[in-house]
2 protein chains.
Amino acid sequence: MTVTLADVAARARVSPATVSRVLNGNYPVAASTRERVLRAVEELDYVLNGPASSLAAATSDLVGILVNDIADPFFAIMAGAAQGEIGGQEGTGRAGGEKLAVVCNTGGSPDRELTYLTLLQRQRAAALVLTGGALEDPVHIAAMSAKLTRLADAGTRIVLCGRPPLPDNDALLAALAFDNRGGGRKLTEHLLTLGHRRIGYVAGPTERTTTRHRLEGHRAALRAAGIDEDQERMTLHGPYARRSGYDSTLELLRRAPGLTAVVAANDTVALGACAALRDQGLRIPQDVSVAGFDDLPFSVDVVPALTTVRLPLAEAGARAGRLAMGREAAPPGGIATVEAELLVRASTAPPRG
Amino acid sequence: MTVTLADVAARARVSPATVSRVLNGNYPVAASTRERVLRAVEELDYVLNGPASSLAAATSDLVGILVNDIADPFFAIMAGAAQGEIGGQEGTGRAGGEKLAVVCNTGGSPDRELTYLTLLQRQRAAALVLTGGALEDPVHIAAMSAKLTRLADAGTRIVLCGRPPLPDNDALLAALAFDNRGGGRKLTEHLLTLGHRRIGYVAGPTERTTTRHRLEGHRAALRAAGIDEDQERMTLHGPYARRSGYDSTLELLRRAPGLTAVVAANDTVALGACAALRDQGLRIPQDVSVAGFDDLPFSVDVVPALTTVRLPLAEAGARAGRLAMGREAAPPGGIATVEAELLVRASTAPPRG
DNA sequence: CTGTTAGCGCATTCAG
DNA sequence: CTGAATGCGCTAACAG
């Protein structure tokens, strides 16, 4: 029923070994022989049996890209760029030595993250790219560390993109860490320079590196400006979602009616913050300034255009892809910091009066 | 070095077959025996060898989800929902009979689409979900049809989501087709009812079913209203990108200064259209109305909120996932139409004067 | 309920 | 440069 390598060999009048050699192209084969084999492959419409091949060779062509939320442009952009560097380069349609770059959506669940890692380990994945911030729960970190070590031992190349290196884990090839702290700091410094003093902060979910680092940058800027009190009351945590921005902003307004600026965990949250302010009859930025983070594609198009911190997501994702493929040298020490750039647009202005 | 099923069997003092049976859970095993095996698995930190398993069983647990552009929320939302139904349901972290749901990003390239299909075929994928519109090039359609037929013959379950069924291809399990034509028609009827007569249309890329259907709906509404002339000049094609909306709107304004409304291929394009109009000093909707399609998450937050056509992307994606897993019965005839709902918001209003 | 026996389809030695 | 032989790790009959 299903055509195998032996069938191709028979038709090309060569041994199976020879067919394998031309297909993998990693061994000298006479041009005429290769020609004959390729023709037979064509005629029989032969497709390599991946599992059999992986079993024999003890490696597979699967490359996994893990994301927290595929529907969040932050992850989608990184994943797309990484995948572009890994899979389908030439595009012959026939699939030669192609890697199969696949993205796996954990939905932010630690369990699913671990499950995907096991599944990828089971498939003997060639490489792995983990994107975005990590959960800071010690138990989960330990579990992840252990899993990644096993994967690395089995030959899987591991790259982190937009995630700080794991403590005490040298299983990984490279880590591209975003400068979330620096970005958060620059953003708040901008607000302080404009004259804001009562600034609310809608943070991301607790126990996440991204959340913590951005918040730390914010607090550091405030502290440097001598604004220290009241920070807990002016900070609200929630998911990286519009809804969180909306609800938290309403609550901030209740807690601190004198609020003149809202800093959001990311642009999506900022969108929700803007909606809440508008619904309260407040103008942006005349009454309240709003700032985001990430510079997602829509941020330049909302009105007023969002002041935010740009992260080179596509560039970082592409680099992670190349690192995973071994087409780019790892940074010294295996760790590279990706800079964050302040983008001042129209949603921030000096406070009233 | 690497621990195998035989090692587990030895440690649990049972035969390899028994270990296989408890791992796959598809055969009766005494509770005490199972217990012993599971403990051995735990102690040895054993992970099943996927390729070997797939080779022996002639099936794999890979499920592919193909998308045109992972960074486009339209696809990301469908893919995320499908993946949620397929992978990581329980979330034990240990990965039992889990499927490995993976999304593959074709970038809209027909070659890469075919390549991914071959790669998935090579892996003996258990199921396949193809999302979004299809390219209408006859050569590509034929190639796709042939590939899908082979895949189906090999036992891969194929589901289309947001894509019309292929002509003459009953390889597929089910197709969930969006009512793009109906949606496009409703949208333009809304504009006509408001009194618009000079309406520009920024279409998607040519040769794509989605583009064609939406445009057909638009034209049908115009024709029904007796507006027939000039349609070619008022229609511009471009990618589903902000930039296209921006550039095309500028060109439409040049071609037809009396324009009172712009209909965009989707919300992202509409965003670009809005930006272009604003840059020309035109107010939305007072001077020019704008409408989009898809109701992407940001559409409610832009100002003015976008009038658009809502497609239940998450619901459709989830249903496609269930269909692929065989957890839901296929619709009669294998084809289901997913309704599109007109959402009138603030970006459309009667024309001036 | 459990053990034994055969391959699954391919990549590799090793000869030639 | 090519062919023959071996085994990758597991599942699926088949017995018991």
Side-chain angles (χ1 to χ4, degrees), chain A residues 1-38 40-41 44-62 95-97 119 121-124 126 154-155, chain B residues 1-38 40-41 44-62 95-97 119 121-124 126 154-155:
Chain A
M1 188 63 245
T2 156
V3 27
T4 76
L5 189 146
D7 298 330
V8 176
R11 176 151 193 131
R13 315 180 123 278
V14 296
S15 72
T18 299
V19 176
S20 172
R21 294 198 261 253
V22 343
L23 255 30
N24 290 307
N26 48 12
Y27 215 81
V29 173
S32 65
T33 311
R34 156 187 285 101
E35 206 48 54
R36 215 143 26 93
V37 170
L38 256 19
V41 166
L44 296 173
D45 196 20
Y46 170 69
V47 174
L48 193 67
N49 182 319
S53 168
S54 296
L55 174 58
T59 63
S60 92
D61 53 2
L62 238 202
L119 253 11
Q121 179 182 8
R122 190 182 278 188
Q123 299 296 332
R124 306 300 189 249
Chain B
M1 187 64 248
T2 157
V3 29
T4 76
L5 189 146
D7 298 330
V8 176
R11 175 149 193 134
R13 316 180 124 278
V14 296
S15 72
T18 299
V19 177
S20 172
R21 294 197 261 253
V22 342
L23 256 28
N24 291 305
N26 48 10
Y27 216 81
V29 173
S32 64
T33 311
R34 156 187 286 103
E35 206 47 55
R36 217 148 18 99
V37 169
L38 255 20
V41 165
L44 296 172
D45 197 20
Y46 170 70
V47 175
L48 194 66
N49 183 319
S53 167
S54 296
L55 173 58
T59 62
S60 91
D61 53 2
L62 239 202
L119 254 10
Q121 180 182 7
R122 189 181 279 190
Q123 299 297 331
R124 306 300 189 249

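Everything numeric here is computed off the predicted structure, so don't read it as measured data. Chain identifiers are assigned alphabetically (A, B, ...) following the order of the sequence lines, protein sequences preceding nucleic acid strands; residue numbering begins at 1 within each chain.
Evaluation of the side chain to side chain contact (heavy atoms under 4.5 Å, CB included) rule for B:S54 yields A:P51, B:S60 as partners, not counting sequence neighbours. Partners of A:A56 according to the side chain to side chain contact (heavy atoms under 4.5 Å, CB included) rule, which considers only residues two or more places apart in sequence or in another chain, do not exist here. Partners of B:R11 according to the salt bridge (charged side-chain N to carboxylate O under 4.0 Å, His left out) rule, which considers only residues two or more places apart in sequence or in another chain, are B:E43. Listed by chain and residue number, A:A17, A:T18 satisfy the side chain to side chain contact (heavy atoms under 4.5 Å, CB included) test with A:S15 (two or more places apart in sequence, or in another chain).
Taking atom CG on B:N49 and atom C1' on D:dG9, their separation rounds to 6 Å, with Å as the unit. Between A:L55 atom CG and D:dG7 atom P there is a gap of 14 Å when expressed in whole angstrom units.
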Trace of the side-chain contact (heavy atoms from CB on, under 4.5 Å) decision for A:Y46 with A:D7: CA-CA 9 Å; A:Y46 170 69; A:D7 298 330; over 6 Å; no
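Counting only residues at least two apart or in different chains, salt bridge (charged side-chain N to carboxylate O under 4.0 Å, His left out) contacts with residues 22-38 of chain B are absent.
Nucleotides of DNA chain C with any atom under 4.0 Å from a heavy atom of chain B span, from 5' to 3', C:dC1 to C:dG9.
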Name each donor-acceptor pair under 3.5 Å that joins a side chain in residues 21-31 of chain A to protein atoms two or more places apart or in another chain, with its distance.
residue: A:N24; atom: ND2; partner: A:S20; partner atom: O; Å: 3.0
residue: A:N24; atom: ND2; partner: A:S20; partner atom: OG; Å: 3.4

Where protein sits on nucleotides 11-16 of chain D, one letter per nucleotide: B base, S sugar-phosphate only, - none, heavy atoms under 4.0 Å: SBB---
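With a 4.5 Å cut-off on side-chain heavy atoms, A:N49 and A:T4 do not count as touching.
When all heavy atoms of B:V8 and B:V37 are compared, the pair lying nearest together is CG1-O, 4.2 Å.
Of the residues in residues 29-37 of chain A, A:V29, A:A30, A:T33 come within less than 4.0 Å of DNA chain D through at least one heavy atom, sorted by number.
A distance-only check finds a donor-acceptor pair linking the side chain of A:R124 to the backbone of A:Q121 [under 3.5 Å].
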